[in-house]
Amino acid sequence: MENEHKAWLLCEDLLVRIRDEFASEAISILDKEVNSGNIEVNGTVSSAPEQDREYEKKMMVIGNLLKEKEELRLKYAKYMEDNQEDNPKILERIETLKKFLLSIESISILMGYVNEIDAWIKEVSEEVKEKNVSDILGKTLRNSAERKEIMQRVLSKKRFVEEGIITKEEHGQISAAAMLTSSYSQPQE
């Protein structure tokens, strides 16, 4: 397949699918928090078709949550610190807050991946001379711990292949790129 298409295009497509999956995971976590009543969403986005509006609205909520992440963490940490009594309702509320903060942290990590992949896609688009997806991934992975972390996460989750997000061949290409990065990890001068 790489012979029929430019490797950089195939690489971009692969990264776009991975990026979109991470965004979907973040939205799924947001939906769980909304459904549990921990987050209330009001307002609408009216500039797009219904499905796009819903996505934009959720991404806007995620953006706002991430802007307020540290403030929320400090506020809830203070509440948890001030309420160390054995009252079952308060203890239950503290456990709910801890789970909520973990959800925000998970969303933050996933959206960090999304942002890093956006930058990565731009870098991949400059690799027009490369003939192999693994080589492009390996070359663009080498100086980024976060990109390596993203690829390790993809490689460690069987569901990426099982759910058709990536193919077995692409999984192999990512794995080969991960192997290449160890040879690229020499200090740059």
Report task. Evaluate the criterion salt bridge (Lys or Arg N to Asp or Glu O under 4.0 Å) for residue pair Lys98 and Glu95; output intermediate values, then yes/no. Result -> CA-CA 5 Å; Lys98 286 179 183 177; Glu95 285 306 308; 3.5 Å; yes
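- Under the 4.5 Å side-chain criterion, counting only non-hydrogen atoms from C-beta, Tyr79 is in contact with Arg93.
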Requested in this report: Report the C-alpha separation of Val61 and Val34 in whole Å, then their side-chain angles, then the decisive distance to 0.1 Å, and conclude whether the side chain to side chain contact (heavy atoms under 4.5 Å, CB included) test is met.
Outcome: CA-CA 11 Å; Val61 171; Val34 169; 5.8 Å; no
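- Judged as a salt bridge (Lys or Arg N to Asp or Glu O under 4.0 Å), the pairs with a partner in residues 27-36 (not counting sequence neighbours) are, in order, Asp31-Lys58.
- How far CD of Glu21 is from CD of Glu25: 5.0 Å, rounded to the nearest 0.5 Å.
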Query raised in the report: So Thr140 and Glu127, side chain to side chain contact (heavy atoms under 4.5 Å, CB included) or not? Walk me through it.
Result: CA-CA 9 Å; Thr140 57; Glu127 298 297 329; 4.3 Å; yes
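- Connection of Met111 to Leu102 is not established within any shared hydrophobic cluster, with ILVMFWY side chains joined at heavy-atom distances below 4.5 Å, either directly or through further cluster members.
- Atom CD of Glu123 is separated from atom CD1 of Ile136 by 11.0 Å, given to the nearest 0.5 angstrom.
- Under the 3.5 Å distance criterion, the side-chain polar atoms of Arg19 are left unmatched by any main-chain donor or acceptor of Asp118.
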Report task. Starting from the C-alpha separation in whole Å, work towards a yes-or-no answer on salt bridge (Lys or Arg N to Asp or Glu O under 4.0 Å) for Glu68 and Arg73. Result -> CA-CA 9 Å; Glu68 297 174 15; Arg73 189 188 66 73; over 6 Å; no
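- In plain terms, the two heavy atoms of Ile166 and Arg17 that are nearest each other are CA-NH1, 3.7 Å.
- No donor-acceptor pair under 3.5 Å is formed between the side chain of Ser175 and the backbone N or O of His171.
- Atom-to-atom distance recorded for Ile29:CD1 and Ser103:OG is 6.0 Å, nearest 0.5 angstrom.
- The two residues Ala26 and Leu110 come nearest to each other via the heavy atoms N-CD1, 3.6 Å.
- The backbone N or O of Leu141 lies less than 3.5 Å from no partner atom in the side chain of Ser144, so there is not a single donor-acceptor pair.
- Taking the side-chain contact (heavy atoms from CB on, under 4.5 Å) definition, one finds that Thr167 meets it with Glu169, Glu170, sequence neighbours left out.
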Query raised in the report: After noting the C-alpha distance and the side-chain angles of Glu92 and Asn87, does the key distance pass the side chain to side chain contact (heavy atoms under 4.5 Å, CB included) rule?
Result: CA-CA 9 Å; Glu92 184 179 330; Asn87 182 326; over 6 Å; no
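- Side-chain atoms of Leu14 and Leu10, non-hydrogen and from C-beta on, never get closer than 4.5 Å to each other.
- The shortest non-hydrogen separation linking Ala7 to Val133 is O-CG2, 3.6 Å.
- Applying the ring pair (Phe, Tyr, Trp, His ring centres under 6.0 Å) test to every pair with at least one member in residues 111-154, sequence neighbours left out, gives these pairs: Phe22-Tyr113.
- Atom CE of Met80 is separated from atom CG of Leu97 by 5.5 Å, given to the nearest 0.5 angstrom.
- Listed here is the closest heavy atom pair of Ala23 and Tyr55: CB-OH, 4.0 Å.
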Query raised in the report: Yes or no on side chain to side chain contact (heavy atoms under 4.5 Å, CB included) for Arg159 and Ile165, after CA distance, side-chain angles and deciding distance?
Result: CA-CA 8 Å; Arg159 71 175 194 78; Ile165 299 159; 3.6 Å; yes
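- The NZ atom of Lys69 sits 9.0 Å away from the CD1 atom of Ile104 when rounded to the nearest 0.5 Å.
- The NZ atom of Lys168 lies 9.5 Å from the CD atom of Glu162; values are rounded to the nearest 0.5 Å.
- Scanning both residues, Ile107 and Leu30, for their nearest heavy atoms gives CD1-N, 3.9 Å.
- Hydrophobic clustering, with ILVMFWY side chains joined whenever heavy atoms are under 4.5 angstrom apart, keeps Leu101 apart from Leu91.
- Nearest heavy-atom pair across Ser134 and Ala177 is O-CB, 3.5 Å.
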